[in-house]
Amino acid sequence: MVNGDGMDRDEVPAAQMGSVTSIEGSKVHLELAGQNGRPHVRATVGNFVRIEAGAALLIGIITTLSSGGDRSGQRGAYASIDLLGEILSDNGTKRFRRGVTCYPAIGDAVDLLPAGDLRILYQVSSANMATVGALYQDPDTPACIKVEDLLTKHFAVLGTTGVGKSSGVAVILDQVMRSQQAVRIFLLDVHNEYAACFEEHASVISPRNLKLPFWLFNLEEIADVIYGGRSPIDEEIEILAEVIPLAKSKYAQYKEASDRQIVKRTIGKSSGYTVDTPVPYMLQDLIALIDERMGRLENRVGRMHYHRLITRIEAIRNDPRYGFMFENANVGGDMMGEILAHLFRLDPDGRPMTIMQLAGLPMEVVDAVVCVLCRLAFEFGIWSEGAIPLLFVCEEAHRYASADRSVGFTPTRRALSRIAREGRKHGVYLGLVTQRPAELDPTIMSQCSTLFAMRMTNDRDQAFLAAAVSDAVNLLTFVPSLGTGEVIAFGEGVPMPVRMKFAALPPERQPRNDMSGRASDHGDAIAGAAFVGAVVERWRGATMSKASGLDSADQSASPRLAREPSAEGSNGAALDQVHRRLLRRPLEGADAAAESGLRAPKTLWQQG
């Protein structure tokens with residue numbers, strides 16, 4: 001870099017700005033060279049300085065500046081700095097080391113850190129470093145992150161709304177994809193704003209093409225769906241815990257019989273399946289088993305629990321908002337491998353990232369869906385022995401892992417906590433994004449070894465951040481006054497605490513909601529009665545129940561429509577035909593694949 005005088009800016013000799021007057025541990029006080037209280041060298045809070053302490057070159061950061069008079073009435077300027085480390089020279093190569101082995105003496109010269117030494121501090125040329133922005137102290141010096149440490153030790157991006165968190169996250173994830181091509185990224189997009197950032201590098205899953213069959217949900221998760229986030233009824237949960245393993249066994253028997261062209265009568269055993277075993281079962285089997293047990297009861301009060309449970313299950317099955325769970329859930333048989341490959345981009349095909357758009361899902365089921373995705377990510381890491389590294393990024397993390405234990409869905413908090421505590425051992429890494437860090441579970445937050453703190457004005461959030469940061473706490477005083485896009489980074493993922501500004505994204509790659517920018521210049525012209533009527537119809541249609549949750553062919557086989565004691569015997573053959581037809585039915589060509597968002601990737605076992 002050449003300055004206006006034709007000299008290399010990295011080599012410009014630094015003017016002496018002052019000298020050491022007192023030392024208190026790692027804090028050093030300076031008297032600045034100047035006249036009438038005005039220093040000769042312009043310095044401000046946040047500038048880096050170097051102190052020549054004998055053979056050592058100590059590095060510090062200015063934390064306070066003041067002016068005043070001494071006993072003789074002579075005015076002067078004064079500064080305080082915090083020592084950060086020292087620059088060492090090994091065989092002519094300079095490197096920076098955190099901490100100091102020797103301290104300055106009174107009278108030692110102090111000057112501003114030149115750009116060349118600033119680059120040494122931030123290891124700009126080191127391997128495994130990725131540039132995410134520019135230093136606040138010197139916009140010409142890139143700000144870098146240590147990608148490996150950032151991932152393996154988890155990270156969090158904190159800041160109030162409107163400060164550029166989403167853009168900063170997009171910059172970080174883009175650099176992760178560039179430098180760690182083996183890593184898959186799964187991003188929970190609460191506001192549907194990231195699709196534009198990663199158009200050609202990400203697979204976007206929305207409620208329109210999401211396929212997450214109900215049989216992938218464990219008991220806690222399916223109960224949360226059935227009861228809409230309310231407290232479940234203990235008696236009904238006991239019924240579910242009893243019949244779900246039987247329904248799974250029944251499905252397995254029909255599949256075996258279908259393969260051998262033989263129909264076997266169902267036995268009342270679960271064949272070793274537990275209520276949480278992730279294997280398919282059919283909803284009509286589940287309802288039939290509940291109905292069968294209800295028919296055996298003579299106590300009317302006891303029958304009510306079975307009847308209400310059937311009513312609840314049928315209500316959510318017929319709700320079109322839950323189509324991603326129940327529509328075609330058993331088509332193609334056991335599709336767990338294909339679903340995992342699609343969700344986590346096991347065969348990336350140039351798109352190593354999945355953006356899961358949550359806006360549009362029923363509010364009552366979002367917690368359960370997030371819980372399922374977190375659990376699948378963690379358990380896939382366990383059973384694959386970390387073969388495919390996965391970064392799980394959770395936007396608005398305080399919604400799913402609140403510090404208040406009475407708020408939110410406990411299994412979701414538990415699933416995120418497992419990733420935070422144990423995920424790195426299994427190749428599953430965590431990235432948290434939140435505007436209210438004080439409302440985030442401190443146990444999960446404590447596992448994030450790298451923090452990117454953007455502007456925060458709430459006192460509770462600032463106090464939480466101060467408790468989470470162990471080094472360079474003096475930088476936290478800048479947090480309330482940071483500009484848009486500016487961030488202070490701490491922890492293992494950066495060479496040292498740094499104030500920087502994230503790189504600007506092109507306008508077409510900036511995060512934006514699906515609806516942003518669609519407002520017509522002639523909005524008054526379209527907001528007529530016909531337009532409003534169409535909106536109302538779409539609104540109502542999205543929440544209208546179906547006429548029936550079963551196909552016409554399935555209705556004839558429904559055991560609830562024939563509750564005679566011999567229902568299973570008389571309708572068994574018809575029901576068996578339905579089972580076999582669904583098990584054999586393939587996905588309907590490319591149209592079905594496009595509609596469901598599922599390709600036919602090679603299974604994990606075929607990838608060798």
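For clarity, every value in this text was computed on a predicted model and none was experimentally measured.
R345 places no side-chain N or O within donor-acceptor distance of the main-chain N or O of R184, the cut-off being under 3.5 Å. In this structure a side-chain-to-backbone donor-acceptor pair under 3.5 Å is missing from D441 to A401. Side-chain atoms of S402 come within 3.5 Å of backbone atoms of D404 as a donor-acceptor pair (strictly under, hydrogens ignored). Here the side chain of K165 pairs a donor or acceptor atom with the backbone of G159 at under 3.5 angstrom. T434 contributes a side-chain N or O that, together with a main-chain N or O of R436, makes up a donor-acceptor pair within less than 3.5 Å. Side chain of R351 to main chain of E199: a donor-acceptor pair is present (N/O by atom type, distance under 3.5 Å, no hydrogens or angles). A donor-acceptor pair under 3.5 Å is absent between the side-chain atoms of S417 and the main chain of I444, judged by distance alone. At least one donor-acceptor pair under 3.5 Å links the side chain of K248 to the backbone N or O of V275. A distance-only check finds a donor-acceptor pair linking the side chain of T152 to the backbone of E148 [under 3.5 Å]. Proximity of a side-chain donor or acceptor of Q462 to a complementary backbone N or O of M456 within less than 3.5 Å is detected.
For the residue pair K211 and G323, the shortest heavy atom distance occurs at NZ-O, 4.5 Å. Considering all non-hydrogen atoms of both residues, L430 and A420 come closest at CD2-CB, 3.8 Å. A pairwise comparison of heavy atoms in N192 and L358 identifies OD1-N, 3.6 Å as the closest pair. Nearest heavy-atom pair, A415 versus C371, reported as atom, atom and distance to 0.1 Å: CB-O, 4.2 Å. Between A377 and V428, the closest heavy-atom pair is O-CG2, 3.6 Å. The two residues T484 and G164 come nearest to each other via the heavy atoms CG2-N, 4.4 Å.
The CZ atom of R421 sits 9.0 Å away from atom NZ of K425, with the distance rounded to the nearest 0.5 Å. Summarising the geometry, atom CD1 belonging to I316 is positioned 11.0 Å from atom CD belonging to E364; distances are rounded to the nearest 0.5 Å. Of the inter-residue distances, the one linking L187 atom CG with C394 atom SG reads 9.0 Å to the nearest 0.5 angstrom. Taken to the nearest 0.5 Å, the CE atom of M335 stands 11.0 Å off from the CG atom of L216. Interatomic distance, CD1 of I145 versus OH of Y122, reported as 14.5 Å (0.5 Å rounding). Taking SG of C374 as the start and CG of L188 as the end, the distance is 6.0 Å to the nearest 0.5 Å.
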_Pair F214, V225 - check side-chain contact (heavy atoms from CB on, under 4.5 Å), show working._
CA-CA 9 Å; F214 64 90; V225 173; over 6 Å; no
*Apply side-chain hydrogen bond (donor to acceptor under 3.5 Å, both in side chains) to E236 and Y227, showing your working.*
CA-CA 11 Å; E236 297 177 12; Y227 294 94; 2.4 Å; yes
*Applying side-chain contact (heavy atoms from CB on, under 4.5 Å), run through R317 and I287 and close with a yes or a no.*
CA-CA 11 Å; R317 179 179 63 177; I287 294 174; 3.8 Å; yes
*Start with the C-alpha distance between L246 and Y273, add both sets of side-chain angles, then the distance that settles side-chain contact (heavy atoms from CB on, under 4.5 Å), and finish with yes or no.*
CA-CA 8 Å; L246 299 179; Y273 295 131; over 6 Å; no
*asked:* Checking M356 against L210 for the side-chain contact (heavy atoms from CB on, under 4.5 Å) test, could you report, in this order, the C-alpha distance in whole Å, the side-chain angles of both residues, the deciding distance, and whether it holds?
replied: CA-CA 9 Å; M356 177 69 240; L210 172 64; 3.9 Å; yes
_R414 vs T410, side-chain hydrogen bond (donor to acceptor under 3.5 Å, both in side chains): CA-CA, chis, key distance, verdict_ = CA-CA 6 Å; R414 188 162 59 240; T410 300; 6.0 Å; no
*Would you check, one step at a time, whether the test salt bridge (charged side-chain N to carboxylate O under 4.0 Å, His left out) holds for E492 with K153?*
CA-CA 8 Å; E492 301 288 343; K153 299 177 182 178; 3.7 Å; yes
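Using a 4.5 Å heavy-atom cutoff, the side chains of M445 and L451 are in contact. Using a 4.5 Å heavy-atom cutoff, the side chains of I339 and L343 are in contact. The side-chain heavy atoms of W215 and P280, taken from C-beta on, include a pair separated by under 4.5 Å. F198 is listed as a side-chain neighbour of I355, based on a closest heavy-atom distance under 4.5 Å. Proximity of P437 to R460: side-chain heavy atoms (C-beta onward) are nowhere separated by under 4.5 Å. The side-chain heavy atoms of L482 and V163, taken from C-beta on, include no pair separated by under 4.5 Å. Between Q510 and P506, the closest side-chain pair of non-hydrogen atoms is not below 4.5 Å. L135 is listed as a side-chain neighbour of V498, based on a closest heavy-atom distance under 4.5 Å.
In Q181, the CD atom is not crowded: 12 or fewer heavy atoms of neighbouring residues, nucleotides or ligands sit closer than 6.0 Å. Around atom CZ of R178, no more than 12 heavy atoms belonging to other residues, nucleotides or ligands sit under 6.0 Å away. For K501, the NZ atom counts as loosely surrounded, since its 6.0 Å shell holds 12 or fewer non-hydrogen atoms of other residues, nucleotides or ligands.
By the 6.0 Å and 45° rule, R499 stacks over the aromatic ring of Y136.
When each of E193, H191, R512 is tested with S166 by the rule side-chain hydrogen bond (donor to acceptor under 3.5 Å, both in side chains), just one qualifies, namely E193.
Y322 is linked by a ring pair (Phe, Tyr, Trp, His ring centres under 6.0 Å) to nothing, counting only residues two or more places apart in sequence or in another chain. A search for ring pair (Phe, Tyr, Trp, His ring centres under 6.0 Å) contacts involving F502 returns nothing, not counting sequence neighbours.
Every pair tested for side chain to side chain donor-acceptor pair (under 3.5 Å) that includes a residue from residues 446-457 fails, sequence neighbours excluded, so the list is empty.
The closest side-chain donor-acceptor pair between Q435 and T160, if any, does not fall under 3.5 angstrom.
The aromatic ring centres of F409 and Y400 sit 6.0 Å or more apart. The ring of Y281 has its center no closer than 6.0 angstrom to the ring center of Y251.
Relative orientation of the F186 and F344 rings is perpendicular, given thresholds of 30° and 60° on the angle between their planes.
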